[in-house]
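What follows is a set of notes on a single structure, which appears directly below.
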Amino acid sequence: MNLPLVSIAMATYNGEKFVEQQIQSLLAQDYPNLEIVISDDCSQDRTWEILEHYASIDDRIRLLPRAVNLGYVKNFVRVFSECKGELISPCDQDDIWYPNKTSRLVEAMGDAILIYCNNRFIDENNCFLHRYLSDKVKMISGGDSRQLMFCTSICGHAMLFKKELLKITDQLDIAPYIDWLISFLAAEHGSILYLDEVLVDWRQHNNSTTFHVRQSVQGAKRKALMTDRQILEAFSKVSIKHKTFLIDILKKWDQWFCSYLDLGMFFFVLKNQRFTHAAHPAKFPALKYLLGYKLKKLLRPNYY
């Protein structure tokens, strides 16, 4: 049986604290046909030294020459472009993959264009935090991209997707989270499958890319809201099936954000939340838009 080549696409930057453990978990994958492509974004610590060491002892690792600092998203775009496999598995520098992660995703993929698994939260010392991603959001499947407009259950480190997705647009760097955009494209041009198995440990620590979104610190709420806006705008530039729907959301969102009391967004979400907030854990997500953003900020200035 000819197994497809899987490219594990790893982006690194100043990751010396956890990157070695992650690479060891990648090398321990029981899937026999894979390459590990790593793009380091001009790390200033020992990350590059660690990468060179492992590349010298395992020829499945291919390091991309460093040039200039690109930033998180563009570094992933770069490493994706260098992948040779027909299947690509994004990889962060600080998680831990289970040995059967790649093989289980390949086995279960079927006709889906993207498949993803559940993950387990761990801390900086590898201790289980007694939470899974499925405890926080609803895990979605299918081919309706509206499910990904405001909340996603699909993390890059948990996904495997067909390389053909990268040919759909040359604007992969327009969204703040490239894995979210790839998931959206997968729903637009095929179907997404959720594999209900925990196959990766997701490390929670202060230096992670999404720390400000997950924590209740001053300014975090505004940053999260602006991320919502950036995601919607990015989707509107690549969407095909629901472009009119997205433009309508953007118009109503902007009106809500600039108002003290505007019920347009509230009623829109109330009507469409089974699509737009399919992964959202709240029972009534429309309540978030009952008050305009300006009024919310006036009432809770430190929170917003």
Side-chain angles (χ1 to χ4, degrees), residues 89-92 94-98 101 104-105 108 112-123 128-161 175-188 191-205 208-217 220-232 234-235 242 246 249 253 265 268-289:
S89 197
C91 179
D92 292 314
D94 47 9
D95 304 317
I96 302 174
W97 289 19
Y98 296 5
K101 175 178 182 282
R104 285 296 298 130
L105 291 176
I113 199 168
L114 184 151
I115 185 172
Y116 73 105
C117 62
N118 201 354
N119 58 51
R120 189 180 77 144
F121 291 13
I122 61 172
D123 66 12
F128 178 36
L129 296 174
H130 303 286
R131 285 181 294 158
Y132 301 91
L133 183 61
S134 57
D135 296 329
K136 297 176 68 66
V137 295
K138 300 172 185 176
M139 313 304 272
I140 61 174
S141 291
D144 192 336
S145 62
R146 290 175 296 179
Q147 295 184 107
L148 291 154
M149 290 182 181
F150 284 93
C151 183
T152 182
S153 58
I154 309 169
C155 299
H157 61 252
M159 71 166 63
L160 176 75
F161 65 87
Y177 301 120
I178 191 171
D179 49 353
W180 203 339
L181 180 56
I182 287 173
S183 303
F184 184 82
L185 292 173
E188 277 282 324
S191 63
I192 293 169
L193 180 65
Y194 169 57
L195 177 63
D196 190 14
E197 297 179 19
V198 177
L199 298 173
V200 58
D201 284 344
W202 186 10
R203 196 182 303 277
Q204 310 293 296
H205 61 95
S208 66
T209 305
T210 57
F211 176 76
H212 75 272
V213 176
R214 301 195 307 270
Q215 299 299 313
S216 298
V217 296
K221 194 63 177 179
R222 179 181 172 86
K223 288 181 180 179
L225 286 170
M226 296 313 297
T227 297
D228 285 350
R229 179 62 172 76
Q230 291 173 323
I231 287 288
L232 289 171
F235 289 170
H242 302 295
L246 267 170
I249 290 179
W253 193 96
M265 191 65 183
F268 186 90
V269 174
L270 191 64
K271 178 182 177 181
N272 297 286
Q273 61 188 24
R274 68 188 185 280
F275 303 117
T276 59
H277 289 73
H280 202 282
K283 191 172 183 180
F284 300 107
L287 292 175
K288 172 182 177 179
Y289 304 100

- Item | side-chain contact (heavy atoms from CB on, under 4.5 Å) evaluation trace for Y98 with R120 | CA-CA 11 Å; Y98 296 5; R120 189 180 77 144; 3.4 Å; yes

[atom1]/[X] to [atom2]/[Y] distance, rounded to the nearest 0.5 angstrom?
X: L193; Y: I115; atom1: CG; atom2: CD1; answer: 4.5 Å
X: D201; Y: D94; atom1: CG; atom2: CG; answer: 11.5 Å
X: K223; Y: D228; atom1: NZ; atom2: CG; answer: 14.5 Å
X: I154; Y: I140; atom1: CD1; atom2: CD1; answer: 4.5 Å
X: K136; Y: C151; atom1: NZ; atom2: SG; answer: 10.0 Å
X: I249; Y: F150; atom1: CD1; atom2: CZ; answer: 4.5 Å

Without placing hydrogens or testing angles, list every side-chain donor-acceptor pair under 3.5 Å for residues 274-285, not counting sequence neighbours.
unit_1, atom_1, unit_2, atom_2, d
R274, NH1, K271, O, 3.0
T276, OG1, N272, O, 3.3
H280, ND1, A282, N, 3.1

- Message: I'd like to check L246 versus M149 (side-chain heavy atoms, cut-off strictly below 4.5 Å). Are they in contact?
- Response: yes

- Are side-chain heavy atoms of Y289 and L270 found at a separation under 4.5 Å? no

- Item | Audit row: F184, T152, side-chain contact (heavy atoms from CB on, under 4.5 Å) steps and yes/no | CA-CA 9 Å; F184 184 82; T152 182; over 6 Å; no

- Task: Could you please spell out the steps behind the side-chain contact (heavy atoms from CB on, under 4.5 Å) verdict for E188 and H242?
- Result: CA-CA 9 Å; E188 277 282 324; H242 302 295; 3.8 Å; yes

If I compare all heavy atoms of [X] with all of [Y], which pair ends up nearest, and what's the gap?
X: L114; Y: S183; value: CD1-CA, 4.1 Å
X: W253; Y: M226; value: CH2-SD, 4.3 Å
X: P90; Y: F161; value: CG-CE2, 3.7 Å
X: M159; Y: S89; value: O-OG, 3.2 Å

- Is the shortest side-chain N to carboxylate O distance from D95 to R203 below 4.0 Å? no

- Only counting residues at least two apart or in another chain, list the ones meeting salt bridge (charged side-chain N to carboxylate O under 4.0 Å, His left out) with R229. E233, D254

- Item | Partner residues of D179 under the salt bridge (charged side-chain N to carboxylate O under 4.0 Å, His left out) criterion, sequence neighbours left out | none

- Strictly by modelled atom types, are Y116 and S153 linked by a side-chain donor-acceptor pair under 3.5 Å? yes

- Y177 and W180 aromatic ring geometry - parallel, tilted or perpendicular at 30°/60° bounds: parallel

- Residues F235, S145; criterion side-chain contact (heavy atoms from CB on, under 4.5 Å); working and verdict: CA-CA 9 Å; F235 289 170; S145 62; over 6 Å; no

